[in-house]
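Here is the structure we will look at.
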Amino acid sequence: MTEGVKKAGTVALVGRPNAGKSTLMNQLIREKVAIVSDKPQTTRHRLVGILNDERGQIVFHDTPGVHKPLHRMNRQMVSVAMDALNGADIVCLLVDASTSHGSGEQQLLETVLRAESPKLVILNKIDLVNKGRLLPRMELYAEAGDFQEIVPISALTGDGREVLLDLLFDLLPPGEPLYDPELLTVHPDRFLVAERIREKVLEHTRDELPFTTAVLLDAWQEEGAGLVRIFASILVERPGQKKILIGRQGSMIKKVGTAARKDLEELLGRRVYLDLQVKHEPDWRENRRILGDLERDLWADLG
C-alpha cells in the first residue's frame, strides 16, 4: 500500500451457515456487533461492522449463511447475502475448514467465482484442524481459480487476523471513509437490543425453536439518563413452542430475560427494565407484515 494513502471500501463475508462469519467480523473490529451462537441461520440480516485505523476504513458486511431456502424469510436471507456479494469491493468466502467440502460448498464456490470484485478464501476454524487436513483444502481452492489469497484463520482465537487485515487494506481502493470514523456500526440500539434478546433465546433453547423464533420490540420508554424500559415479544409458530419457551411456572422465560437484561445493561450503559412476552404467530416466517416489522429498525437514519 502506498505510504500515506488512505483506503476505504466494503468487504462482504459470505459462506455457508455456521462458517463463523459473525465471529470473524466481531474479531476483526474488536467489538460485538453481530450476535453469535452455535445454531445455523443465526444471522438473518446484512450486518455492518466498521473498522477504522491509520490505514483507512473497512466496512464489513456480515451476511446470512447461504442455504436452500424453505420459507419467505429464508429466501430473503439468501437474497441479502447475494446482494452483499455482488455489491462489495472485496468478497471473502468463509469456509469451515473443520467440515468436508460438500455440494452446498461447491455451489457457493461457483457463485463466488462469478463475482467481479477481488476475492479471498478464508479457511476458518484452523484451531480445530491439523495441517494434514488443511493443506488439501487449501489446494482445492487454489485450483478452483480466481482468488487473490487463501487465508487460514481462527475467528475464535484471532490467529491470522493481522494477516487478513493487511491483505484487505492492500486490495481496497483509495478513498475517504464511507462512514463517520467514530462509528462501529450503522444499526440503531433498537435493532441491537432485539438481536441480543434473540441471542439469549438461542443460548437457552434447543431443537427447532431457534429457527422458529423472532423478537419484536413493542415499546421503548426512556426514563431519564439512568433507566430504559423495553417491552418485547418473542414470536413462535406453534402452541407447544410457546409452552417450552415460557417453561414450567415461567422458569425458561425468566432465565432468558435475566440473561438478556444483564447483556443489555452492558450494551446500553444503564439500567434496563425488560418485559418479555411470548406470542403464538403461526407461519410468521411467511408473513410479509411481520417480516417487514423485523426489518424496520435495521438501519439508522444517518442523514
Side-chain angles (χ1 to χ4, degrees), residues 8-52 57-67 69 73-94 108 122 124 153 155-156 161 164-165 168 177-180 182-203 210-211 213-217 260 263-264 266-268 291-302:
T10 56
V11 174
L13 304 176
V14 299
R16 297 277 291 158
N18 263 22
K21 300 177 293 297
S22 297
T23 302
L24 178 60
M25 185 176 78
N26 291 343
Q27 177 70 249
L28 291 170
I29 67 174
R30 300 290 201 201
E31 291 287 346
K32 182 178 177 180
V33 169
I35 66 170
V36 175
S37 86
D38 59 358
K39 314 295 193 305
Q41 302 175 28
T42 297
T43 300
R44 292 175 174 172
H45 310 274
R46 176 164 56 95
L47 303 180
V48 175
I50 304 169
L51 172 72
N52 296 283
Q57 183 181 87
I58 303 178
V59 180
F60 291 101
H61 290 175
D62 174 25
T63 65
V66 178
H67 60 285
M73 181 189 75
N74 300 77
R75 291 194 293 273
Q76 289 183 2
M77 288 163 59
V78 173
S79 176
V80 161
M82 293 299 101
D83 287 346
L85 187 158
N86 292 321
D89 293 302
I90 301 173
V91 176
C92 291
L93 172 59
L94 202 64
L108 179 57
I122 302 176
N124 189 27
I153 197 169
L156 186 63
R161 176 184 184 271
L164 176 58
L165 287 177
L168 293 176
L178 303 177
Y179 297 102
D180 183 337
E182 296 298 316
L183 291 175
L184 285 169
T185 186
V186 298
H187 306 300
D189 285 344
R190 288 179 62 99
F191 173 77
L192 298 176
V193 163
E195 284 288 273
R196 294 291 183 98
I197 296 170
R198 187 165 66 89
E199 181 180 53
K200 302 312 171 191
V201 174
L202 295 174
E203 285 180 5
F211 299 99
T213 56
V215 176
L216 282 173
L217 288 196
D263 199 3
L264 296 183
E266 183 177 341
L267 172 69
L268 300 174
L291 294 177
D293 287 344
L294 290 169
E295 289 280 340
R296 68 187 175 191
D297 293 324
L298 178 58
W299 304 108
D301 181 3
L302 298 177

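With rounding to the nearest 0.5 Å, the separation of CD1 in Ile90 from CG in Leu168 is 5.0 Å. Distance check, rounded to the nearest 0.5 Å: CD of Gln57 to CG of Leu183 gives 8.0 Å. Between the CZ atom of Phe191 and the CG atom of Leu294 there is a distance of 9.5 Å, given to the nearest 0.5 Å. For the atom pair CD of Glu203 and CD1 of Ile35, the computed distance is 9.0 Å after rounding to the nearest 0.5 Å. With rounding to the nearest 0.5 Å, the separation of SG in Cys92 from CG in Leu85 is 10.5 Å. Going from atom CG of Asn18 over to atom CG of Leu94 covers 11.0 Å, rounded to the nearest 0.5 Å.
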Any chance you could lay out the side-chain contact (heavy atoms from CB on, under 4.5 Å) test for Leu165 and Ile58, step after step, and finish with the verdict? CA-CA 9 Å; Leu165 287 177; Ile58 303 178; 4.2 Å; yes

Begin with the C-alpha distance, continue with both residues' side-chain angles, and end with the deciding distance and a verdict on side-chain contact (heavy atoms from CB on, under 4.5 Å) for Asn124 and Leu24. CA-CA 9 Å; Asn124 189 27; Leu24 178 60; 5.6 Å; no

Show, in sequence, the C-alpha distance, side-chain angles and deciding distance for Ile29 and Ile50, and conclude whether the side-chain contact (heavy atoms from CB on, under 4.5 Å) test is met. CA-CA 7 Å; Ile29 67 174; Ile50 304 169; 6.0 Å; no

For Leu51 and Leu28, run side-chain contact (heavy atoms from CB on, under 4.5 Å): C-alpha distance rounded to whole Å, both residues' side-chain angles, the deciding distance at 0.1 Å, then the answer. CA-CA 7 Å; Leu51 172 72; Leu28 291 170; 5.5 Å; no

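Panel note: side chain Lys21, backbone Arg16; a donor-acceptor pair is recorded below 3.5 Å. The backbone N or O of Leu13 sits less than 3.5 Å from a side-chain atom of Thr63, completing a donor-acceptor pair. Side chain of Arg198 to backbone of Thr42: a donor-acceptor contact under 3.5 angstrom is found. Asn52 places no side-chain N or O within 3.5 Å of a backbone atom of Glu182 that could act as its donor or acceptor partner. Put simply, the side chain of Gln27 gets close to the backbone of Ala155: a donor and an acceptor are under 3.5 Å apart. Side chain of Lys200 to backbone of Ala260: no donor-acceptor contact under 3.5 angstrom is found. No donor-acceptor pair closer than 3.5 Å links the side chain of Asp263 to the backbone N or O of Ile197. Side-chain atoms of Thr10 do not come within 3.5 Å of backbone N or O of Val59 as any donor-acceptor pair.
Looking at every heavy atom in both residues, Ala84 comes nearest to Ala12 through O-CB, 3.5 Å. Closest of all the heavy-atom pairs between Leu47 and His187 is CA-NE2, 3.4 Å. In terms of heavy-atom proximity, Pro188 sits nearest to Leu298 at CD-O, 3.5 Å. When every heavy atom of Val33 is checked against every heavy atom of Val48, the shortest pair comes out as CG1-O, 3.6 Å. Across all non-hydrogen atoms, the minimal contact from Ala34 to Met25 is CB-CE, 4.0 Å. Closest heavy-atom contact between Leu93 and Gly15: CD1-CA, 4.4 Å.
Between Arg46 and Asp83, none of the side-chain N atoms (NZ, or NE/NH1/NH2) sits under 4.0 Å from a carboxylate O, so this pair counts as no salt bridge. Look at Lys32 and Glu199 and you find a salt bridge, because one of the NZ, NE, NH1 or NH2 atoms lies within 4.0 Å of a carboxylate O, short of that distance.
When the shell of 6.0 Å around CD of Glu295 is examined, it contains more than 12 heavy atoms from other residues, nucleotides or ligands.
Between Val14 and Met82 the shortest side-chain heavy-atom distance does not fall below 4.5 Å.
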